[in-house]
Amino acid sequence: PTLQGVTPKTGYQYFDAGAGTADNPWVLSNWQQLQNINHIIGGTAGKHFVLAVSLDQDSIGYNTLASPTANAGAGWQPLGYGYTGFAGTFDGLGHTISGLTINRGNTNSVGLFGRTGSGSVIRNIGLVGGSVAGANDVGVLVGVNDRSTIYNVYATGSVSGARGVGGLVGGNSDGSISNAYATGSVSGTDQVGGLVGYSYRYSYYANNISNAYATGSVTGTSSVGGLVGYNYLGTISDAHATGRVSASNGHAGGLVGINDSGTLRNVYAAGSVFGDGVGGLVGRNVYGSIYNAYVTGNVEGGSDVGGLVGYNSEGFIDDAYVTGNVEGSNRVGGLVGYAYGGFIDDAYVTGNVAGSSNVGGLVGYSDRGTISNAYVTGSVSGVFDGLYGGGVSVGGLIGNNYGGMISNAYATGSVSGTSRVGGLVGYNLGEIISNAYATGSVSGTDNAVGGLVGYHEGGSISNTYATGS
């Protein structure tokens, strides 16, 4: 006999309802059902899941699955493990997940989702508070986003780990992230970012981060960025970061630590940046392109310190400006600390710049670079620091111009140093300086001090003038 109107259960029911299809997705309403995704993780490709309610400390299963005491203190078991990632579509329907705790310092690929697989989608979900700790590839939402799409998401919890640590996603590999933000503090060693630890493009898949921001402080050893720690061949657009950024061993940027052959467009940074090889926007820009960018925060470091970029190697910078102050020791510039080749066009600096040697209002040391349509209004000063000497090669626009070209440029701020001090260029062994002028006062305590160029050793100078005292 059967009971009419009653549907019998056969086996364990993982979810509230649904069939896993786009029209009839599986419905999740507590922590246990969310964790049950791991029971079918290898079969999630093409499957659809929705979170019907917000989850917090009072939801069923929190104490045993996601609290600080869950799993013997390890907290939440990430969805997806090893190289088996979540490959379905997860829609939070605008709900939140609060109080998520993960404490797995010896585990890689750590987050609410440890790893996503090709074609997966995570959308419309916010993670509020909590804390996440792991080894490598650690993020509050996703540890490794592999060829997947993430949008309309945010996280406010803190995160810590070693390599590849981000406030939202640890590693973005051939993935797309949009309409996203993170506000928690982030700490790690290498490739650490306020939103994403690293973002790599390995294949023909798009690797984009757009309409995104981060506001938390970010600390690490190297490749540390307010938004992204390391960007390789990726595109970052319409994005910003405002948190404090510091790296103990180099390459920190207010937005991106290292931009390797990537493109940054319509971006800005407002947080202060500290370290060696640091920039207000990018610490190290190698064959990368930066368009329509600006920085308002202050930058302080040792060598290769720039208001926008610390070290620019064959990179392209167009339509950029800096209003913050910059301070360092060697190769210090209001826009770029050290420029090896590359192009700088349509740029200006209004902040003050101070350093020891190779100090410029726009570029500290320009090594065969091309600079055009640029100007500086802030003061530039060379001071003695006991390490790199004091006040040598100081210029209102460029401290040391070696084999580079300068055109349609000017500087109006005061310039001071010891020797090789110039209103426009401190030391010049360049190709061409043309259509340029300087109006600020220039002072030096040693020899080679000039209103336009302090020490001119080679190259042509034409259509130029200086009016400062």
Side-chain angles (χ1 to χ4, degrees), residues 5-62 64-66 76-100 102 109-128 130 139-155 168-169 172-181 205-206 211:
V6 176
T7 301
K9 295 181 180 179
T10 55
Y12 187 79
Q13 185 173 335
Y14 290 136
F15 313 112
D16 260 357
T21 64
D23 295 332
N24 188 21
W26 278 315
V27 179
L28 290 65
S29 60
N30 58 53
W31 290 97
Q32 182 62 67
Q33 290 172 356
L34 182 61
Q35 180 58 226
N36 285 345
I37 292 176
N38 262 338
H39 289 291
I40 60 168
I41 196 67
T44 56
K47 302 301 182 182
H48 293 257
F49 305 79
V50 297
L51 185 63
V53 297
S54 292
L55 302 181
D56 57 22
Q57 291 91 332
D58 295 325
S59 301
I60 295 173
Y62 177 77
T64 58
L65 295 171
W76 178 256
Q77 171 65 50
L79 303 178
Y81 43 82
Y83 290 98
T84 303
F86 174 78
T89 296
F90 178 87
D91 192 336
L93 300 179
H95 293 114
T96 60
I97 295 176
S98 301
L100 176 73
I102 304 176
S109 302
V110 172
L112 176 68
F113 292 85
R115 175 179 290 271
T116 60
S118 179
S120 69
V121 177
I122 298 175
R123 63 193 181 205
N124 306 322
I125 186 68
L127 278 75
V128 179
V140 177
L141 180 64
V142 177
V144 177
N145 184 47
D146 187 6
R147 296 165 292 171
S148 305
T149 301
I150 297 173
Y151 64 94
N152 296 339
V153 298
Y154 66 89
L168 187 77
V169 174
N172 183 45
S173 177
D174 291 332
S176 174
I177 301 172
S178 62
N179 301 327
Y181 70 88
Y205 288 89
N211 298 315

Can you see which heavy atom on [X] is nearest to which on [Y], and at what distance?
X	Y	result
Gln77	Gln35	O-NE2, 3.0 Å
Ser148	Gly117	OG-O, 2.6 Å
Arg115	Ser109	NH2-OG, 3.8 Å
Pro25	Val50	CG-CG1, 3.7 Å
Ala180	Leu168	CB-CD2, 3.9 Å
Thr149	Tyr151	CG2-CD2, 3.8 Å

Separation of [Y] [atom2] from [X] [atom1] (nearest 0.5 Å):
X	Y	atom1	atom2	result
Ser59	Asn30	OG	CG	7.5 Å
Ser120	Asn145	OG	CG	6.0 Å
Leu51	Asn124	CG	CG	11.0 Å
Leu127	Thr96	CG	OG1	8.5 Å
Trp31	Thr64	CH2	OG1	10.5 Å

Using ring pair (Phe, Tyr, Trp, His ring centres under 6.0 Å) as the criterion, point out the one residue from Phe113, Phe90, Phe86, Tyr14 that pairs with Phe49.
Phe86
Any heavy-atom pair between the side chains of [Y] and [X] that's under 4.5 Å?
X	Y	answer
Tyr81	Asn38	yes
Leu65	Gln32	yes
Tyr154	Val128	yes
Leu79	Leu34	yes
Trp76	Ile97	no
Arg123	Thr89	yes

For the pair Leu28 and Phe15, evaluate side-chain contact (heavy atoms from CB on, under 4.5 Å) and give the outcome as yes or no after the intermediate values.
CA-CA 6 Å; Leu28 290 65; Phe15 313 112; 4.0 Å; yes
For [Y], does its backbone N or O pair with a side-chain atom of [X] as donor and acceptor, under 3.5 Å?
X	Y	result
Thr44	Lys47	no
His95	Ala52	yes
Ser98	Asp56	no

Result for side-chain contact (heavy atoms from CB on, under 4.5 Å) between Leu141 and one of Leu100, Thr116, Ile150, Ile177 points to Ile150
Within a 6.0 Å radius of atom CD1 on Ile60, are there more than 12 heavy atoms belonging to other residues, nucleotides or ligands?
no
